[in-house]
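Following: one structure in structure tokens, then a few remarks.
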Number of protein chains: 2
Amino acid sequence: MPRPRVHDDALRDRLLDEATAVVAEGGTRALTVRDVAARAGTSSSAVYSLFGGREALLAAVGARAAERFAGHLGSTRGTGDPAADLLALGVAYRRFALAEPQGYRVMFASPGAGAAHPAGGPVTEEPTFRVLQDAVRAALAEGPAADAYGTRGADAEDATRAATHVWALAHGWVMLELDGLLPWPPDERDARYVAALRAAGPGLLAPPPV
Amino acid sequence: MPRPRVHDDALRDRLLDEATAVVAEGGTRALTVRDVAARAGTSSSAVYSLFGGREALLAAVGARAAERFAGHLGSTRGTGDPAADLLALGVAYRRFALAEPQGYRVMFASPGAGAAHPAGGPVTEEPTFRVLQDAVRAALAEGPAADAYGTRGADAEDATRAATHVWALAHGWVMLELDGLLPWPPDERDARYVAALRAAGPGLLAPPPV
DNA sequence: CTCCTTTCGTAACGCCGTTATGAAACAGCG
DNA sequence: CGCTGTTTCATAACGGCGTTACGAAAGGAG
């Protein structure tokens, strides 16, 4: 008996597409409920019935960016050399951030950055972190870093610790770069970044002293 | 002949005080021109005649935070051991960020974060970076790291590079921590952070291969 | 006392996020 | 086939925002 629904999943996708495009273009600041609704050919109330409000729409944009991010990181296939794979993963991490700076910012540097991440859920279970954690685990299991652990071997705790360390370095570098705070011209930064990862890697992967 | 000025430097300071308090309390999102003006006992037009607008007011808040930040970092006095001093500087860096998270965010994670930093001015000449750069230079001149440079010694380029590496790690860690993305409970983070700095330090300070 | 210049508080404009409201669209029933 | 009831959505309204235009206020000059 009711009037047929127009606020369905298809419209939700279209709204999310438009919102993603707007954010990619002008950042979160440029996203308005009215504008996104108009671009999708509907009214602003659709955003409220399908998402809940502007903030929730932004969270959905962040979640979608996180999916693409995880996919991007997962697409780097292993070469058999764990250390090289980990380095490639770090490079892919930065490549995504530079290719989609606004998407990266929505995930991490948004007001209340936890929005894009499952509320209260441990970060270690997010796909993005898992990819990194797995690569670190592989590097700790064999290769040069494994020797430092000797017969005790590296456990999950070691992988979480090392992955977080590497993540902090990559995240910090990328944030500084996106904010224009690196003291080097753009054409030097690729090599500088790789050099930083190479320099910090062994120490960050090594077991804690005693 | 004119009507006496009320929009003077004293009012500017009061506005900046109120704006800083509002941002410290509720983040940049909570800052409105009308509210800050009312708190300072004036009208919103004062913000426009003294700063230029909301964005410029936020930039001034960021600049003041940067001053406090630089002062905070500069207050860590040398102990004679360059490596220990550098570690203490890293600890002070994080302590400020945790004590004034919104101030830290206004400096770095604000929309158009360059606002708080001199437009176009090289980052290497900012007080905050200089303090870090000097500490790194000292660590490269004597102590364990100096040996790796051998007879060639470390120059300004080496100090800039190493300082940026350390900065990226500290910044990334702090941003992850402020965003609630570290996989450890708060009471473990102090030690984890120091461990990360210790682990990455030697590699980040070392000269580039070949 | 009057005029003129400068200055600032007030009010207006357009836009925002959000919410209330009434028209629209269909199923079942007389 | 028309009426009714129910659900759904577009429209309009509300309060608040950043910003700007405007007119009142204030004091020196004549």
Side-chain angles (χ1 to χ4, degrees), chain A residues 1-63 102 106 110-112 115-116, chain B residues 1-23 25-63 102 106 110-113 115-116:
Chain A
M1 37 212 188
R3 167 178 175 172
R5 313 197 58 117
V6 184
H7 292 185
D8 54 1
D9 286 357
L11 178 58
R12 203 192 117 98
D13 286 346
R14 289 217 318 279
L15 285 169
L16 206 42
D17 287 343
E18 298 295 342
T20 300
V22 169
V23 169
E25 179 87 17
T28 63
R29 198 62 180 256
L31 182 132
T32 74
V33 174
R34 286 174 161 92
D35 179 40
V36 163
R39 283 165 181 256
T42 180
S43 69
S44 60
S45 68
V47 172
Y48 288 87
S49 69
L50 289 172
F51 294 91
R54 179 184 183 272
E55 212 68 16
L57 175 60
L58 262 175
V61 170
Q102 300 297 350
V106 173
S110 67
Chain B
M1 40 216 177
R3 165 179 177 172
R5 316 196 57 118
V6 183
H7 292 183
D8 54 2
D9 286 356
L11 178 59
R12 203 192 118 98
D13 286 348
R14 291 217 316 280
L15 285 169
L16 206 43
D17 288 342
E18 297 296 342
T20 300
V22 169
V23 170
E25 180 87 18
T28 64
R29 198 62 182 254
L31 182 131
T32 74
V33 174
R34 286 174 160 91
D35 178 40
V36 161
R39 282 165 182 256
T42 180
S43 68
S44 61
S45 67
V47 172
Y48 289 86
S49 68
L50 289 172
F51 293 91
R54 179 184 183 274
E55 211 69 15
L57 176 60
L58 263 176
V61 170
Q102 300 297 350
V106 173
S110 67

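To find a chain, count down the sequence lines: A is the first, B the second, and so on, and within it residues start at 1.
For the segment residues 30-42 of chain A, residues with any heavy atom less than 4.0 angstrom from an atom of DNA chain D are, sorted by number, Arg34(A), Thr42(A). Within residues 9-17 of chain A, no residue has any heavy atom under 4.0 Å from DNA chain D.
Rounding to whole angstrom units, CZ of residue Arg5(A) and C1' of dC9(D) are separated by 10 Å. In this structure, the CG atom of Leu57(B) is 12 Å from the C1' atom of dG18(D), given to the nearest Å.
Of all heavy-atom pairs spanning Ala19(B) and Val61(B), the tightest one is CB-CG2, 3.7 Å. A pairwise comparison of heavy atoms in Arg54(A) and Val33(A) identifies CB-CG2, 3.7 Å as the closest pair. Here the closest non-hydrogen pair linking Gln102(B) and Gly27(B) is OE1-CA, 3.4 Å. Between Ala56(A) and Phe51(A), the shortest heavy-atom contact is CB-O, 3.3 Å.
Note that CG of Leu11(B) and CZ of Arg5(B) are 10.5 Å apart. Values are rounded to the nearest 0.5 Å. Here the CG atom belonging to Leu58(A) is positioned 6.0 Å from the CD atom belonging to Glu55(A), to the nearest 0.5 angstrom. In this structure, CG in Leu15(B) is found 11.5 Å from CG in Asp9(B), a value given to the nearest 0.5 Å.
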Exercise. Do nucleotides 20-30 of chain D as a string where each nucleotide becomes B, S or -: B if the base has a protein heavy atom under 4.0 Å, S if just the sugar-phosphate does, - if no protein is that close.
Key: B---BBBBS--
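Each of Val23(A), Leu16(A), Leu50(A) was scored for a side chain to side chain contact (heavy atoms under 4.5 Å, CB included) with Leu57(A), with one residue passing: Leu16(A).
Nucleotides of DNA chain C lying under 4.0 Å from heavy atoms of chain A occupy a range whose first and last members, 5' to 3', are dC16(C) to dA27(C).
The salt bridge (Lys or Arg N to Asp or Glu O under 4.0 Å) check on Asp17(B) picks up Arg64(B), with sequence neighbours excluded. Under the side chain to side chain donor-acceptor pair (under 3.5 Å) criterion, Asp8(B) pairs with no residue at all, not counting sequence neighbours.
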When the side chains of residues 34-47 of chain B are checked against the rest of the protein, which donor-acceptor pairs come out under 3.5 Å, sequence neighbours left out?
unit_1, atom_1, unit_2, atom_2, d
Asp35(B), OD1, Arg39(B), NE, 3.3
Asp35(B), OD2, Arg39(B), NE, 3.1
Ser43(B), OG, Ser45(B), OG, 3.0

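One end of the helix from dC1(C)-dG30(D) to dG30(C)-dC1(D) points its axis 50° away from the other end's axis, with each axis taken from 5 pairs and the angle rounded to 10°.
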